[in-house]
Amino acid sequence: MNHAQTADQVAALRQGRVQIVFERWLPDEPDIRGAFLTREPLFLALSERHPLAQRDVVDLKALQGETLITGAAPNLIAGALEICRRHGFEPKFAAPVHDVVTATLSVITGRVVSLVPESMLNVHFPGIAYRPLKTGAEASMDLHFYRLKDEASPLLDAMLRTIDEFIRLRDAGRLPPGA
């Protein structure tokens, strides 16, 4: 598995170093074919020393006055802005960082918090806590996959069959929680 920015991942596809990419941002490139995969609920990532970490669930409105840090992809920044506005406040942002993982690592300072997708709960960093959010409106982040339009290989075909099965199970409501 390769962890890289979207532009680096597009380059890796074109160079044949990877055959498929999972990403929050879907590039608009003529030789790239992609699709929506899933929508993940958002959680709050914060330092274990942060006062909000003492709560079992954090009301999204409690983030008013907190400094949010996000990945640099425009959809991540716009999504955080929209969610906060739907909850009645304008967020204060730190300078965006490389990606969601870097944003999550940044919360260890205690000066920033981050809205992260549920899948980040599988990534355990010392000193970082994840808390579910109480929201009055949907708070989620999309995940897409993409590949070269004309690429074909047995490995890619097998992966696309797995993705098709995931989508079939998702649409039938038969995925386990957190999948």
Side-chain angles (χ1 to χ4, degrees), residues 1-46 68-83 96-108 113-133 135 137-179:
M1 182 167 150
N2 186 23
H3 177 74
Q5 279 288 82
T6 303
D8 295 335
Q9 292 177 346
V10 169
L13 278 173
R14 289 180 176 142
Q15 294 165 3
R17 292 185 286 130
V18 299
Q19 293 184 323
I20 195 163
V21 173
F22 297 91
E23 180 62 76
R24 308 266 166 224
W25 179 253
L26 191 58
D28 185 18
E29 301 281 340
D31 60 335
I32 303 290
R33 181 173 163 195
F36 169 77
L37 186 59
T38 192
R39 181 164 288 132
E40 296 182 74
L42 290 178
F43 282 73
L44 181 65
L46 66 168
L68 291 174
I69 190 162
T70 69
N75 64 325
L76 299 179
I77 299 166
L81 180 62
E82 178 189 336
I83 289 163
V97 293
H98 187 67
D99 54 30
V100 173
V101 173
T102 306
T104 302
L105 285 168
S106 298
V107 307
I108 196 69
V113 298
S114 188
L115 299 174
V116 300
E118 183 178 34
S119 57
M120 279 303 299
L121 275 67
N122 297 308
V123 181
H124 303 282
F125 295 118
I128 296 177
Y130 299 101
R131 296 293 178 264
L133 291 166
T135 61
E138 182 181 12
S140 62
M141 191 178 290
D142 291 348
L143 181 66
H144 301 86
F145 75 93
Y146 58 89
R147 64 186 183 89
L148 289 177
K149 281 184 178 176
D150 298 326
E151 183 75 16
S153 77
L155 178 61
L156 180 60
D157 291 344
M159 188 59 147
L160 292 173
R161 284 192 303 275
T162 301
I163 290 170
D164 287 343
E165 179 66 7
F166 173 87
I167 290 170
R168 187 184 68 72
L169 292 171
R170 179 200 68 205
D171 292 349
R174 295 182 40 216
L175 287 177

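The model shown is predicted, which means the values in this text are computed figures rather than measured ones.
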Could you check whether the rings of Phe145 and Phe22 sit parallel, tilted or perpendicular, using 30° and 60° as the cut-offs?
tilted

Could you report the tightest heavy-atom contact between [X] and [Y], atom names first, then the distance?
X: Val116; Y: Thr104; answer: CG1-OG1, 3.3 Å
X: Pro96; Y: Gly71; answer: CB-O, 3.9 Å
X: Tyr146; Y: Glu23; answer: CE2-CB, 3.7 Å
X: Ser106; Y: Val97; answer: OG-CG1, 4.2 Å
X: Ile108; Y: Ile128; answer: CD1-CG1, 3.9 Å
X: Ala80; Y: Thr70; answer: CB-CG2, 4.1 Å

Distance only, no hydrogens: is a donor on one side chain within 3.5 Å (strictly under) of an acceptor on the other, for Asp99 and Thr102?
yes

Glu40 side chain to Ser140 side chain, donor-acceptor N/O pair below 3.5 angstrom
no

Could you check whether any side-chain heavy atom of [X] comes within less than 4.5 Å of a side-chain heavy atom of [Y], counting everything from C-beta outward?
X: Phe36; Y: Leu143; value: no
X: Phe125; Y: Met120; value: yes
X: Glu118; Y: Met141; value: no

Asp171 atom CG: more than 12 heavy-atom contacts under 6.0 Å:
yes

Judged by atom type as modelled, is there a donor-acceptor pair below 3.5 Å linking the side chain of Tyr130 to the main-chain atoms of Leu46?
no

Residues Asp31 and Arg14 bridged, charged N to O under 4.0 Å
yes

In this structure, CD1 of Ile69 is separated from CG of Leu115 (nearest 0.5 Å) by 12.0 Å

